[in-house]
Amino acid sequence: MTAVALTQRTPRFRTVRFRTVRALRLEIKHSAAVWVLPVLAALFYVNAYRTAAGYPPTWTLRASVITGSNLVFFSVMAAGIAAWVASREGRRKTGDLLATTARGAWARQTTVLAATAFWMVLAYLAGVAVIYLQTARQATWGGPPLWPVAVGVVGVAASCAVGFTCGTLFPGRFTAPIVAVAVFAAWFVAVNAANSVNPNNVNNLGSLKGTSALLGPVLGRPEFIDVGVYYHVPPDVSIAQVMFMGGMLLVMGGLLALLPAARVPGVRGLSFAGRRWLTVVAATGVACGVAASATAFSLAGTARYSFATGWEIPALHDAADDQPVPYTLDCTGSTFTVCIHPAFAPYLGALSAALQPAAAEIAGLPGAPVRAEMTMGVAPSAAAGTTSVYDYSTEQEGSGGESFWATPAIARTADWEQGVQEDFITWFVSGPVEPNEPGPGYTTAQEAVAIALLAKIGAPVPYYPQFTQPGTQSGGSASSTAGALGTQAGASAAQITAAARGFESLSSAARRAWLAANLAVLRSGTITLAQIP
């Protein structure tokens, strides 16, 4: 009897899969993209990381960094290195040698593209993780937005595909720098369009400039600091951006499989039927990519701007995003309570420290508030004397730079605190007039009283036109500019300062008695400098 050895035959598809995974692993290990990672790390630190560190610790604001100039740098580097590795075979004249290999050129090139995209996307995600981890340690409310991450990943992958396809079709030593410059120029066009689009002008949103501004995820820092705080940021524009750049990725991948330059005739590894199947799949991918990009372009042209939620695309918009996000105010203080949105809780201590002495100076006077609350958006504060609450918003910004765009560390400086005190005292003295807002402006008597009250708590002279206009710094007449600025004619900086010093020199009891009797008339604007004791 003859023994017959039986062996188990490995299925062909399992062998192909094993070879593909092994080839991809080798390409990842020896990819030239590894050498540009230190450069990307340096660019990320200088640009994205330092920019994000200078922003307040709110999630939406920090997330705007990863799809701004950070994505531009990563995309340029990704396109350049992808073009370089794609043109490697053409530069080295190895076409005849590679024609005898067992794997098709399309499969070999796809593996190289996948390895390059792997490193570029991994580096991008590492940068996102650094920013998000830093924000997670500092943020006091909300969670990390994921749509900006998806936009960035698809953008980097699409840039790799564009660069790789160009390198395959036009192999040469100058292809990589030319492709990198071309991608940078394309991003520059998007940045320029984003900077020139005015949300208040609805007529330019359907134009080519307005559409390209929304499709290019480089809008930069949001216009308002509280974006994503009171309302969710709708993912409408992010979805359109993913569709547009995802369509480009499909088109480039399909062209890589369809174009003769990407395949060498007579290569072993695929039968005729297999090549025909590949052609059908590639052509379908190109068609789907063109349709996706065209659809995204069309949808972006219908975008509209909402001051509450930002850009909205009607066909992609979810009405649930229009609902306010519930929250509970964080408050501190007993005699004078200061409340703030939990997203800005790191500022609560500095804000309370600034407002407590100012509130104590006017406590008990008619219209003096007993509570300060942060309001949504840039709505004007309630008129002094009509409520016991001082309403302030994140967008208030006086000469002291007390805007919440400052980091919590800057908010603990003297300039920031004095700016808060300036807004508070001026609001109390002038009534409903908002700082830096168009309107009747402040009267010279109101300015003098505000300067005196601020001096009592150690704050410097606030921003008023008389103290900044040319010709009035040394006491010159301000009558030439008083009409345009809404102040009383004939008053100079020296006269206002003298009146303020006289009012400041009064005893606390006399000063408070005069304010209690004349505050309503002072707010009405009928009191002159001569009537201030």
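Side chains included, hydrogens not; waters and symmetry mates left out as well; all remaining heavy atoms used. Values in this document were obtained by computation on a predicted structure and should not be read as measured data.
Residue H317 holds its NE2 atom at 11.0 Å from CD1 of I239, rounded to the nearest 0.5 Å. Annotation: the span from T426 atom OG1 to L454 atom CG amounts to 6.0 Å, rounded to 0.5 Å. Taking CG of L299 as the reference point, atom CG of D236 lies at 9.5 Å (rounded to 0.5 Å). One finds the OG1 atom of T443 at 3.5 Å from the CD atom of Q446 (value rounded to the nearest 0.5 Å). Interatomic distance, I457 CD1 to E422 CD, rounded to the nearest 0.5 Å: 10.5 Å. Rounded to the nearest 0.5 angstrom, F73 CZ and L40 CG are separated by 10.5 Å.
With sequence neighbours excluded, the residues forming a side chain to side chain contact (heavy atoms under 4.5 Å, CB included) with H232 are D321, V325, listed by chain and number. Under the side-chain hydrogen bond (donor to acceptor under 3.5 Å, both in side chains) criterion, Q323 pairs with no residue, sequence neighbours left out. Remark: E373 pairs with L329, C339, R371, V389, D391 by the side chain to side chain contact (heavy atoms under 4.5 Å, CB included) rule, at least two apart or across chains. Judged as a ring-ring contact (aromatic ring centres under 6.0 Å, His included), and not counting sequence neighbours, Y231 has no contacts. For N47, the side-chain hydrogen bond (donor to acceptor under 3.5 Å, both in side chains) test picks out S69, with sequence neighbours left out. By the side-chain hydrogen bond (donor to acceptor under 3.5 Å, both in side chains) test, S524 is found to be paired with T526, residues two or more places apart in sequence or in another chain being considered. S508 meets the side chain to side chain contact (heavy atoms under 4.5 Å, CB included) test with R511, R512; sequence neighbours excluded.
Figure legend: R50 and F44 shown without cation-pi pairing, the cationic atom not lying both under 6.0 angstrom from the six-membered ring centre and within 45 degrees of its axis.
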| task | Please step through side chain to side chain contact (heavy atoms under 4.5 Å, CB included) for the pair E312 and D322, ending with a clear verdict. | result | CA-CA 10 Å; E312 300 175 355; D322 297 333; 3.5 Å; yes
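Pairs of residues two or more places apart, or lying in two chains, never qualify as salt bridge (charged side-chain N to carboxylate O under 4.0 Å, His left out) while including a residue from residues 328-347. For residues 503-533, the ring pair (Phe, Tyr, Trp, His ring centres under 6.0 Å) pairs, not counting sequence neighbours, are F503-W514. Among residues at least two apart or in separate chains, there is no salt bridge (charged side-chain N to carboxylate O under 4.0 Å, His left out) pair with a member in residues 52-67.
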Let me have the donor-acceptor pairs involving side chains of residues 343-366, under 3.5 Å, with sequence neighbours excluded, atom names and distances please.
{"from": "Y347", "atom 1": "OH", "to": "F404", "atom 2": "O", "distance (Å)": "3.3"}
{"from": "Y347", "atom 1": "OH", "to": "A406", "atom 2": "O", "distance (Å)": "2.5"}
{"from": "S352", "atom 1": "OG", "to": "Q356", "atom 2": "NE2", "distance (Å)": "3.2"}
{"from": "Q356", "atom 1": "NE2", "to": "F336", "atom 2": "O", "distance (Å)": "2.8"}

In a table with atom names and distances, give each donor-acceptor pair under 3.5 Å that connects a side chain of residues 120-134 to protein atoms at least two apart or in another chain.
{"from": "Y124", "atom 1": "OH", "to": "I66", "atom 2": "O", "distance (Å)": "2.5"}
{"from": "Y132", "atom 1": "OH", "to": "P145", "atom 2": "O", "distance (Å)": "2.7"}
{"from": "Q134", "atom 1": "NE2", "to": "Y49", "atom 2": "OH", "distance (Å)": "3.4"}

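The closest side-chain heavy-atom distance from P148 to S64 is not below 4.5 Å. Under the 4.5 Å side-chain criterion, counting only non-hydrogen atoms from C-beta, Y55 is not in contact with I225. Side-chain contact check for W147 versus V242: some heavy-atom pair is nearer than 4.5 Å.
Within the 6.0 Å centre-distance limit, the rings of W427 and Y390 are counted as a close aromatic pair.
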